[in-house]
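First the structure, in the form of structure tokens, and then the observations on it.
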Amino acid sequence: MLNVVIFGPPGAGKGTQSKKIIEKYGLKHISTGDLLRNEIASGSELGERIKAKIDKGKLISDEIITDILVNEIDKMGKDIPGIIFDGFPRTLNQAEMLYNLLEERGMEVKVMIDLEVDEEELIKRLLYRAKVAGRSDDTIDVIKKRLKVYHKKTEPVIDFYKKKGKFRKIDGSGSIDEIFARIDKVLSELLQ
Ligand code: AMP
């Protein structure tokens, strides 16, 4: 099974590249951001609490996220080519939880693809996305907060995968196809 963590700061292109990877490799997609936005759209009380946090650029608690995630993984079953984890893990604790829950199911993350993009470009992309996708957390103040949270809480996850020998850095600048070609090279090598 080719289980992949797609990683990087907000605006790095994780969602866009996930789509390309899914097209070519047939992986299943788990985007915790999308799952949270679905919960908000359902109008539930939990959704309301989640929205309040997302709109401030804060992270949702590890417990809520892991519950949602376990549910998704178990729904997919094991007869799949693999899963792409997009937007998860976002804390060291989540990385450990993911490791354990996959191990319990006889699964593991094969690689973490870290998309590296400079901060100026990230802000440019996020402000553009704000115009076309209308996400309530793509305002300049919330973007800055999300980048801060990324550096403080999410970036340390890189070391977790480095220690396990699973970390691969990818230049996330250039066109969508150029970036995908770099990712494709790493994934096709892993499958050999
Ligand atoms: P994303 O679509 O991945 O950019 O996520 C949007 C927002 O959802 C983030 O800014 C967080 O508030 C929340 N979120 C998504 N994934 C996670 C996660 N793994 N842990 C905590 N919060 C998350």
Side-chain angles (χ1 to χ4, degrees), residues 4-25 27 29-41 47 50-60 62 65 68-69 83-92 94-95 109 111-162 166-188:
V4 178
V5 169
I6 187 120
F7 195 81
K14 300 187 290 291
T16 305
Q17 292 301 327
S18 291
K19 281 195 201 124
K20 305 277 293 178
I21 296 169
I22 290 160
E23 251 169 50
K24 171 139 188 200
Y25 292 91
L27 304 186
H29 188 210
I30 297 185
S31 154
T32 45
D34 285 350
L35 292 171
L36 294 168
R37 284 183 286 276
N38 289 345
E39 187 65 42
I40 295 171
I50 289 172
K51 181 169 170 35
K53 288 219 164 166
I54 288 186
D55 285 354
K56 288 196 194 99
K58 292 187 176 171
L59 293 184
I60 307 306
D62 290 341
I65 290 287
I68 293 178
L69 190 87
I83 302 173
I84 178 154
F85 295 96
D86 168 4
F88 185 97
R90 251 182 166 94
T91 62
L92 260 183
Q94 289 181 12
V109 167
V111 66
M112 176 216 243
I113 304 270
D114 177 35
L115 293 171
E116 296 212 329
V117 181
D118 70 54
E119 201 122 326
E120 209 178 304
E121 172 71 15
L122 290 175
I123 294 176
K124 221 170 77 190
R125 288 186 190 175
L126 288 165
L127 288 176
Y128 175 73
R129 186 170 78 185
K131 272 196 225 148
V132 297
R135 260 177 62 164
S136 59
D137 56 346
D138 283 341
T139 62
I140 189 71
D141 287 347
V142 181
I143 288 169
K144 285 194 171 148
K145 168 80 181 165
R146 282 157 62 207
L147 287 169
K148 235 177 162 170
V149 169
Y150 171 79
H151 290 306
K152 192 164 164 225
K153 298 199 171 150
T154 305
E155 230 170 8
V157 173
I158 288 176
D159 279 338
F160 180 91
Y161 289 98
K162 267 190 182 160
K166 305 277 163 88
F167 170 80
R168 297 296 292 267
K169 185 164 85 178
I170 297 281
D171 175 4
S173 62
S175 73
I176 292 174
D177 287 338
E178 278 164 354
I179 302 163
F180 179 64
R182 297 175 196 132
I183 297 175
D184 192 21
K185 189 162 176 284
V186 170
L187 296 183
S188 56

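What you see is a predicted model; the values in this text were computed from it and never measured.
Side-chain contact between V142 and D55: absent, with no pair of heavy atoms (C-beta onward) separated by less than 4.5 Å. Looking at heavy atoms from C-beta onward, K56 lies out of side-chain contact with K145 at the 4.5 angstrom threshold. You'll find the side chain of F180 stays beyond 4.5 Å of the side chain of T16, heavy atoms only. Between L59 and I65, every side-chain heavy-atom pair lies at or beyond the 4.5 Å cut-off. Side-chain contact check for L147 versus P9: some heavy-atom pair is nearer than 4.5 Å.
Within the model, atoms CD1 of I170 and CD1 of I113 stand 5.0 Å from one another, a figure rounded to the nearest 0.5 Å. Here the CG-CD1 distance, from D118 to I123, works out to 9.5 Å after rounding to the nearest 0.5 Å. Put simply, CG on L36 and CD1 on I54 are 5.0 Å apart, with the number rounded to the nearest 0.5 Å. For the atom pair CG (L187) and CD1 (I21), the distance works out to 5.5 Å, reported to the nearest 0.5 Å. The line from CZ of F167 to CD1 of I158 is 5.0 Å long, rounded to the nearest 0.5 Å. Between atom CD1 of residue I6 and atom CE of residue M112 there is a gap of 10.5 Å, rounded to the nearest 0.5 Å.
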Verdict with supporting geometry, R146 and L126, side-chain contact (heavy atoms from CB on, under 4.5 Å): CA-CA 11 Å; R146 282 157 62 207; L126 288 165; 4.1 Å; yes

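Closest non-hydrogen pair, F7 versus P89, comes out as CE1-O, 3.6 Å. Smallest separation of non-hydrogen atoms from F88 and V5: O-CG1, 3.8 Å. The shortest non-hydrogen separation linking G57 to V149 is O-CG2, 3.7 Å. The minimum heavy-atom distance between S18 and I84, with the atom names listed, is OG-CD1, 3.7 Å. Pairing each heavy atom of A95 with each of V157, the nearest pair is CB-CG1, 4.2 Å. In this structure, K166 and V109 approach most closely via the heavy-atom pair NZ-O, 3.1 Å.
Of the possible polar contacts, one joining the R182 side chain to the D171 backbone as a donor-acceptor pair under 3.5 Å is found. For K14 (side chain) and G8 (main-chain N/O), a donor-acceptor pair under 3.5 Å exists by modelled atom type. T32 places a side-chain N or O within donor-acceptor distance of the main-chain N or O of G87, the cut-off being under 3.5 Å. Remark: side-chain polar atoms of Q94 are paired, donor with acceptor, to backbone N or O of R90 under 3.5 angstrom.
D34 has a carboxylate O that lies under 4.0 Å from a charged side-chain N of R37, or vice versa, which qualifies the two as a salt bridge. D137 and K58 are not joined by a salt bridge, as no carboxylate oxygen comes within less than 4.0 angstrom of a charged side-chain nitrogen. Ion pairing between E121 and R125 holds under the 4.0 Å rule for side-chain N and carboxylate O. We find that K20 and D177 are joined by a salt bridge, their nearest charged nitrogen and carboxylate oxygen being less than 4.0 Å apart.
Checked against side chain to side chain donor-acceptor pair (under 3.5 Å), S188 has no partners two or more places apart in sequence or in another chain. Partners of D159 under the side chain to side chain donor-acceptor pair (under 3.5 Å) rule, at least two apart in sequence or in another chain, do not exist in this structure.
In I176, the CD1 atom is not crowded: 12 or fewer heavy atoms of neighbouring residues, nucleotides or ligands sit closer than 6.0 Å. Under a cut-off of 6.0 angstrom, the local environment of CZ in R168 is sparse, with at most 12 non-hydrogen atoms contributed by other residues, nucleotides or ligands.
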